[in-house]
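Taking it in order: structure first as structure tokens, then the write-up.
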Amino acid sequence: MNNTLKANIIEANIIEANKIKANKISEIFADQKAFIAFLTAGDPSLDKTEEFILAMDAAGADLIEIGIPFSDPIAEGPVIEAANERALSASTTTDAIFDMVARVRAQTAIPLVFLTYMNPVFVYGVERFFSACQKNGINGIIIPDLPFEEKGEILSVAQAHDVDVITLIAPTSQDRIQMLARDATGFIYLVSSLGVTGVRSEIKTDLAAIVSDIRAVTQTPIAVGFGIATPEQATTIAKLADGVIVGSAIVRIIAEHGAASTPILIDYVRKMKAALV
Amino acid sequence: MSKGKYGIHGGQYTPETLMNAIIEVEKAYEHYKNDPAFQAELTELLNDYAGRPSRLYFAKKMTADLGGAKIYLKREDLNHTGSHKINNVLGQALLAKKMGKTRLIAETGAGQHGVATATAAALMGFECEIFMGKEDTDRQALNVFRMRLLGAKVHVVTSGTMTLKDAVNETFREWTTRVDDTHYVLGSVMGPHPFPEMVRDFQSVISKEAREQILKKEGKLPSAVIACVGGGSNAIGAFYNFIPDEEVRLIGCEAAGKGVDTALHAATIANGSLGIFHGMKSYFCQDEYGQIAPVYSISAGLDYPGIGPEHAHLHDTKRAEYVPITDDEAVAAFEYLSRTEGIIPAIESAHAIAYAMVLAPTMRKDEIIIVNVSGRGDKDVAAIARYKGENIYE
Ligand SMILES: Cc1ncc(COP(=O)(O)O)c(C=O)c1O
């Protein structure tokens, strides 16, 4: 065995030994409105992703969604799509992301949830993927192109490894809402608007009606995402739901400031968290 | 419960935002496919508007020159708009009309599907928007103008590899943004259920006719049916009614670009692996982490990193065979058919011609090959000239 390999194994063991037990997703909604921050792993580098996650955690984020970049993110608007391209150009791989997650998990108990597409999970190997999630401290996963009808692809394996498969509910879900909500675990991701991810000036969906349909069948907390960027929007949404998810606005900061994003992210997350009252 | 399965392939891997839209298409299709009035209306459009049935032509000079099996060409190139794409488009447009939709959106690679969709939109009074990768708007510029002439808006897609796969991504994104009044006319036997089944049914008119035509002309079935495969719609259309005839070899020709041993190809069966993408489980060109590979072919219509789920299943069960054909072989076949029979095929279809040129001489003279000429080559003339080093512009 060569020395770098040996050093890697020793380091891996230290991280394993130092791993902090993750908080449960449900705990973050217990006595407050939750702020959920999304970023794309590897944009601009995995070291920076680690730094950004810890900074947003310290600034008050309650859960971090980590995007595993995919070549063809069909649910994303231009901002996050570009982040996916930057991360992949920086040769970000699923294995390296797991290593980064392990380093984060050695330093914080904040719940961590992956967001990715079905193909990276399927091709990695469903069992191998979720066992790595469990080992490295991932609490949940969001897969936009895995609808209720196809959940069987991963559900039992994810459950066996203590990973919540987060349910997405859309403005077009209508008669499907209760079927979707009934088995939801972790939290429910309520998509605020039609279309792809991206900052929006106005959210037109009747969220209150959808929320009440959901509440009729489950106690699982509801977090609203897609298009939310400003503290004012966050305040409005927090009146209806248990949490607010922000992606594009954060990714846009990272796109603009790159490796120097940390102070701007801290400032932004603080403001957003303060707006959730 | 997962629907639309072909063995392990297929399914409905689609964002929740689109699930109700897809279920709506599924229900409408289930209803209208058994509705005689719908079928009669579609048949009338196919016959009187699109010019069906397409001819099954005995390629006498080609047969004599190759010196083996008798070669028949199924002339989808003679359809209105110049390819098989119109068969599917008329079916889906009519369905969209019945569903009360007022707007059609579609992806296109070579532009043939976009032209067919724009044509049906003009005919039936739909608003129409087409998504096409930048690389393809450059190499198929004539079709871009043709779509505009027909009243469609053409969006140039500059994300990802700027080819067919990215045009599909953008069209799905557009559909999630505006789903109420809009139908996505998917152009091949791919995507989430019910598209692979519905598009196959609309294209199976090719083999329905071809089977009757060959039995009438020759009194027997062919030994082989050959078609090119992008997503696989003309191929499944040409194969479908021969699937129960086990003695008929079904051969799909994939784009091998510069060669399957290079990075520049789009040969999904030869080099792909199992994955889940664009709504379906099937084979895809991809890396070990499931990132979809950039693919390449001289042919914009075959330049796609996946293959329809029914083909993946026909491959698994060995009912069909898939062979890679390089750019050089396709260009040689393009020129050969032009000179030998006076038929300029689409560069996509030339991939099928190329394999017929390999196979025919190895077969007996009393055997028959049917080659599906999926489209005509007018759109490709300038690009082939450039490939040959002649700097002509359209
Ligand atoms: C003439 C022609 N043939 C074949 C294809 C490939 O599509 P498919 O494999 O769905 O038939 C295209 C696509 O643009 C085409 O224009």
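Within every chain, numbering begins at 1; the chains are lettered A, B, ... in the order of the sequence lines, protein sequences first and strands thereafter.
Proximity to chain B is limited to the backbone of A:Glu76, based on heavy atoms less than 4.5 angstrom apart. Neither the backbone nor the side chain of A:Ile68 has a heavy atom closer than 4.5 Å to any heavy atom of chain B. Residue B:Glu288 touches chain A through its backbone alone, counting heavy-atom pairs closer than 4.5 Å. Residue A:Leu88 touches chain B through its side chain alone, counting heavy-atom pairs closer than 4.5 Å. Of the two parts of A:Phe122, only the side chain, counted from C-beta on, holds a non-hydrogen atom closer than 4.5 Å to a non-hydrogen atom of chain B. In this structure, chain A has a heavy atom under 4.5 Å from the backbone of B:Asp287, while its side chain stays farther away. Both the backbone and the side chain of A:Pro120 have a heavy atom closer than 4.5 Å to some heavy atom of chain B. For chain A, the nearby part of B:Ile23 is the side chain; its heavy atoms alone come within less than 4.5 Å. When heavy atoms are compared at a cutoff of 4.5 Å, A:Asp95 approaches chain B by way of both its backbone and its side chain. Using a 4.5 Å cut-off between heavy atoms, A:Pro69 touches chain B through its backbone atoms (N, CA, C, O) alone.
Note on B:Arg173, B:Arg178, B:Gln286, B:Glu170: by heavy-atom pairs under 4.5 Å with chain A, the leading option is B:Arg173. When each of B:Val179, B:Leu274, B:Val168 is checked for heavy-atom pairs under 4.5 Å with chain A, B:Leu274 comes out on top. Residue with the most contacts toward chain B among A:Ala75, A:Gly77, A:Ser173: A:Ser173 (heavy-atom pairs, distance under 4.5 Å). Looking only at heavy-atom pairs under 4.5 Å with chain B, the residue among A:Val121, A:Thr94, A:Leu168 that has the most is A:Thr94. For the options A:Leu180, A:Asn119, A:Leu146, heavy-atom pairs under 4.5 Å to chain B are most numerous at A:Asn119.
In this structure, B:Lys281 fails the cation-pi test against B:Tyr13, since its NZ or CZ atom is not both closer than 6.0 Å to the six-membered ring centre and inside 45 degrees of the ring normal.
Using a 3.5 Å distance cut-off with no hydrogens or angles, the side chains of B:Thr102 and B:Glu127 do not pair a donor with an acceptor. When only modelled atom types and interatomic distance are considered, B:Gln92 and B:His183 share a side-chain donor-acceptor pair under 3.5 Å. Of the N and O atoms on the side chains of B:His278 and B:Tyr304, at least one donor lies less than 3.5 Å from an acceptor on the other residue. Side-chain N/O atoms of A:Thr185 and A:Asp164 include a donor and acceptor closer than 3.5 Å. Checked by atom type, the side-chain pair B:Tyr322/B:His311 shows a donor-acceptor distance below 3.5 Å. Using modelled atom types, one finds a donor on one side chain and an acceptor on the other under 3.5 Å when comparing B:Glu129 with B:His155. Between the side chains of B:Asp316 and B:Tyr283, at least one donor N or O lies within less than 3.5 Å of an accepting N or O.
A:Ala181 and A:Ile188 get closest at one heavy-atom pair: CB-CD1, 4.0 Å. Looking at every heavy atom in both residues, B:Thr108 comes nearest to B:Gln112 through OG1-N, 3.7 Å.
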